[in-house]
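Structure, as structure tokens:
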Amino acid sequence: MRETLDKTYDPQKTEEKIYKLWENSGYFTPEKLPDGKNKFVTAIAPPNITGELHLGHALELTLQDILIRMKRMQGYKTLWIPGIDHAGIAAQNKVESQLAKENTNRHKLGRKKFVERVEQWKEQYGNIILNQFKKLGISADWTRSRYTMDIEYQRAVEEAFIRYYKKGWIYRGERVINWCIRCSTSISNLEVNYVHEKTKLYYIKYGPFTLATARPETKLGDTALAVHPDDKRYKKYIGRDLEVDSIDSSIPKDQPPETKKIKLKVVGDNSVDPKFGTGIIKVTPAHDITDSEIGKRHKLPSIKIIDERGKMTKKAGPRYEDLKVNQAREQIVKDLQKTGLMDKIEDYEHNIGRCDRCNSVVEPIPSKQWFLKMNELAKLALEALDKKEINLHPNRWEKPYRNWLLNIRDWNISRQLWWGHRLPVWIHESKCVPKPGREKDIEKCEEIKISAEKEPKCEYCDAKFIQSEDVLDTWFSSALWPFAVLGWPDKDSKDLKEFYPTNFITSDRGILFLWQVRMVFSGKFFTGKAPFKDLFIHATVLTKDGKRMSKSLGTGIDPLVLIDKYGTDALRFGLSYLTTGLQDVHFNEEVMLMGKKFANKIWNINRYIVMKHEGHTMKLPENPEDIKKLDQKIITEMEEMAINVRDNIEKYNFGEAARALYDFVWHNFADKYIEETKNRDDDKTRDTLAYLSINCLKLLHPFMPFITEEIYQKLPLKNKSLLMVENW
RNA sequence: GGGCGCUUAGCUCAGUGGUAGAGCGACUCGUUUACACCGAGUAGGCCCGGGGUUCGAUCCCUCGAGCGCCCACCA
């Protein structure tokens, strides 16, 4: 019995069935594909285990899938590696807030139990998002799914750390870093968001000068004043010690404030803008990153007056010790006013650094951290771009890419979190217990050992090495993704040999520096090759009104709801159609409707053609000569469109490709050719219809894989395989 | 402070150095056995503003306005 098409296409009934068909075919795995020399490889941007599917994923994965599917149909041996990211700080915060609901916290639980809780979380939620990805129809090789906390991946991370260290590019040092009090960890510059906020500007008297500051409490850590070296007004003071009145912080809290004389050196430094304010700044080397650099240049002492809990330290003096920063600010403002040292207070707006993950105010504090030297690595990443080892699409991203690398500072890679990759750093116990006969060698005991080996032993004494409590910045491990998922550092890894480097990676612009650039220098350093040829920065999906899509703001749109309502193909087509290479697209549900109607149109075109073939054999031209016997005008139009579609996909112009398909299928094929040939009843027309339709199904398949596969499976054709592997 | 993007029909957006396009919406007509999730048609636009290049600019250059984003961060 001949299969027919139902009157309407039902995505709900079809999609799961078709996805199983594909999975069972094994064609997501390159080994199952015909062995071609040409390979085409990509790796997913691994979603956080905390995440859930949003429209940004839907767009990204759709575009990635379009390219992969087209290449697979073109005969490439394609591989798309999926996986998930442990998402250090994000996952830790998520589990912490879960604990808060249970009226407990990680400290009560202890580190070991806490890590177990996060692992439980991962088991419970980590794979949900990958299953949601499957609903989008993505043709990734699930047999190769990876997780950044897999044992093998952990080894790759350790190996990377050790190799950098051996190269001399990882060092430990006390620097003023960004510290999040809530997360109680250091964070990198990229994890600080500067938010414009209304505060106050305080004008404080410093001897003959009055200077403005937004943070009067840091006055307690001042060790100098700075002016521009060429500032005529202040030149004569440079190098002198200035005696000024300040608050006597030794006076207890419950007594009225008193002043005392302190000495502050005046230094000349180019970083001071003579035109701003009074042209003089107070220098607090411990609690401001710019000031710490001035401090270094002029060898100024640094007084840490704020600690990791966000409280004033002993060095701030008994009057302020243990106050929180805000309280200390209130107190010192009062004290300054009472002692007459406060000149005036003005309203002020400026940028305040907040933690990207929890939005608390970030404190710059001096802290002992591990850093990765960026000089040489930045050069590698720049070279990759300059020598065209990588291409950025759109290429306007080259400028930000370069600028970031040219102004880069060393990367603080250690975090004081509990969830993440522990540093392969082992610290010698404080007491040395010499081995018998080796008493003299005690001085040789190393303070730290960098080792992948668990619990290394000291050569000279019986002391233990204890692993550093710190974990690595989550992006340190992500940076290894394209080669770590293929088996690096195992030199004999078959996958690494066969599939590295990848052809392309895609993400939105938000993680260009956090992830993409870091993959480039990591890849270059560890494998000698850039980890991808093309970097495609796709558009960011915003709401219809151009606002950020966010669940907490209530502006998020759940792709799964759209899929239920319109079908996955409609979602995929609609999103593709919107894409134009701009940095943003404004999502509008109208494109979903368009996608759904288009799916219906495709369905009905084929339903018509099947009917038109009743009593006749549906067949395709067996050799190129036969194509010439068909209706040439429409065939030529289709061929032009096909080239257009292919070229645009290869250039990452998915929107143009989608529009070309839409216009041809609807307006040329359906509205014109089909309407004009309705009264004909001859083989030439039937063959033309079949040829057009099947080619359109192939061209449409990367965009709308489910409906096209479903139709193809139902067409009365002989010798057919799955559409997903038919020749493009 | 530096960089980037956008401004085209009521709405959401494509697009091109030479009569301006789509989807949705509006209106008119059409119950033709592929599709009313349709077809045929109509209305609707100083293509943000000024200046320039050009025979000709919505498109290229320049200045500006508005909106948005990124980097750096200023006391």
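Chain identifiers are assigned alphabetically (A, B, ...) following the order of the sequence lines, protein sequences preceding nucleic acid strands; residue numbering begins at 1 within each chain.
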Quiz prompt | Check: A/E60/A/T506 side-chain N/O donor and acceptor closer than 3.5 Å | solution = no
Quiz item: Can you tell me how far C1' in B/G50 sits from the matching atom in B/G10, rounded to whole Å?
Solution: 28 Å
Quiz item: Could you give the CG-to-C1' distance, from A/N189 to B/A72, as a whole number of Å?
Solution: 10 Å
Exercise. In whole angstrom, give me the gap between the P atoms of B/C63 and B/G17.
Key: 23 Å
Quiz prompt | Check: A/I247 and A/L341 side chains under 4.5 Å, non-hydrogen atoms | solution = yes
Exercise. Would you indicate, yes or no, if B/C71 has its OP1 or OP2 atom less than 4.0 angstrom from a side-chain nitrogen or oxygen of A/R409?
Key: no
Quiz item: How far does the P atom of B/A40 sit from the matching atom of B/U54, given to the nearest Å?
Solution: 45 Å
Quiz item: Is any side-chain N or O of A/N351 under 3.5 Å from a base N or O of B/C73, one able to act as donor and the other as acceptor?
Solution: yes
Practice problem: Looking only at non-hydrogen atoms, find the nearest pair between A/R518 and A/S188 and report the distance. | Solution: NH2-OG, 4.4 Å
Quiz item: A/V541 versus A/H54: any side-chain heavy-atom pair under 4.5 Å?
Solution: no
Quiz item: Is any side-chain N or O of A/T8 closer than 4.0 Å to OP1 or OP2 of B/C37?
Solution: no
Quiz item: Think A/K597 has a side-chain N or O under 4.0 angstrom from the OP1 or OP2 of B/C24?
Solution: yes
Exercise. Check every atom of B/A22, B/U12, B/G23 against the side chain of A/H586 and return the nucleotide holding the closest atom.
Key: B/U12
Practice problem: Scan every strand shown for a Watson-Crick or G-U wobble partner of B/C48, both distances under 3.5 Å, and answer none if you come up empty. | Solution: B/G64
Practice problem: Identify the heavy atoms of A/I557 and A/L562 that sit nearest to each other, and give their distance. | Solution: CG2-CD1, 3.8 Å
Practice problem: Identify which nucleotide among B/A14, B/U12, B/G68 has an atom closest to any side-chain atom of A/T580, counting heavy atoms from C-beta outward. | Solution: B/A14
Contacts under 3.5 Å, N or O only, protein and nucleotides 31-35 of chain B:
residue, atom, partner, partner atom, Å
B/A34, O3', A/R607, NH1, 3.4
B/A34, O2', A/N604, OD1, 2.4
B/A34, O2', A/R607, NH1, 3.0
B/A34, N7, A/K678, NZ, 3.0
B/A34, N6, A/E675, OE2, 2.8
B/A34, N3, A/N604, O, 3.3
B/C35, O4', A/N604, OD1, 2.8
B/C35, O4', A/N604, ND2, 3.3
B/C35, O2', A/N600, OD1, 2.8
B/C35, O2, A/K601, NZ, 2.9
B/C35, N3, A/K601, NZ, 2.9
B/C35, N4, A/E675, OE2, 3.4

Exercise. Provide the distance between the two C1' atoms, one in B/G2 and one in B/C37, to the nearest whole Å.
Key: 50 Å
Practice problem: Scan every strand shown for a Watson-Crick or G-U wobble partner of B/G39, both distances under 3.5 Å, and answer none if you come up empty. | Solution: B/C29
Quiz item: Are the side chain of A/N604 and the backbone of A/N600 linked by a donor-acceptor contact shorter than 3.5 Å?
Solution: yes
Quiz item: Taking the C1' atom of each, how far is B/C6 from B/G44, in whole Å?
Solution: 24 Å
Quiz prompt | For B/G1, the Watson-Crick or wobble partner whose two distances fall under 3.5 Å | solution = B/C71
Exercise. Could you tell me the separation between the CG atom of A/N193 and the P atom of B/A72, rounded to a whole number of Å?
Key: 10 Å
Quiz item: Less than 4.0 Å between a side-chain N and a carboxylate O, is that true for A/R509 and A/D584?
Solution: yes
Exercise. Measure from OH on A/Y577 to P on B/G21 and round the result to the nearest Å.
Key: 14 Å
Quiz item: For A/R396 and B/C69, what is the distance between atoms CZ and P respectively, to the nearest whole Å?
Solution: 16 Å
Quiz item: Whole Å only: how far is the CG atom of A/L405 from the C1' atom of B/C70?
Solution: 15 Å
Exercise. Please work out if A/T540 contacts a base, only the sugar-phosphate, or nothing of the nucleic acid, heavy-atom cut-off 4.0 Å.
Key: nothing
Exercise. Mind checking A/V585 for me? I need base, sugar-phosphate or nothing, with any heavy atom below 4.0 Å counting as a touch.
Key: nothing
Quiz item: Among side-chain atoms of A/N391 and A/N395, is any donor-acceptor pair under 3.5 angstrom?
Solution: no
Quiz item: When you compare B/C11 with B/C74, how far apart are their C1' atoms, in angstrom units rounded to a whole number?
Solution: 43 Å
Exercise. Please measure how far the C1' atom in B/U12 lies from the corresponding atom in B/G45, and state the result in whole Å.
Key: 16 Å
Quiz prompt | Rounded distance (Å) that lies between atom P of B/G3 and atom CG of A/N403 | solution = 9 Å
Quiz prompt | Exercise: identify the closest heavy-atom pair between A/T218 and A/I305 | solution = CA-CD1, 3.8 Å
Quiz item: Base, sugar-phosphate, or nothing: which does A/R215 touch, judged by heavy atoms less than 4.0 Å apart?
Solution: nothing
Self-check item: Rounded distance in Å - CG (A/L406) to C1' (B/G2)
Solution: 13 Å
Quiz item: Say you pick atom C1' in B/U16 and the same atom in B/G56; how far apart are they, in whole Å?
Solution: 14 Å
Quiz item: A/K399 has an atom NZ; how far is it from atom P of B/G2, in whole Å?
Solution: 12 Å
Practice problem: Determine the contact category for A/F513: base if any of its heavy atoms lies under 4.0 Å from a base atom, sugar-phosphate if only primed atoms, P, OP1 or OP2 are that close, otherwise nothing. | Solution: sugar-phosphate
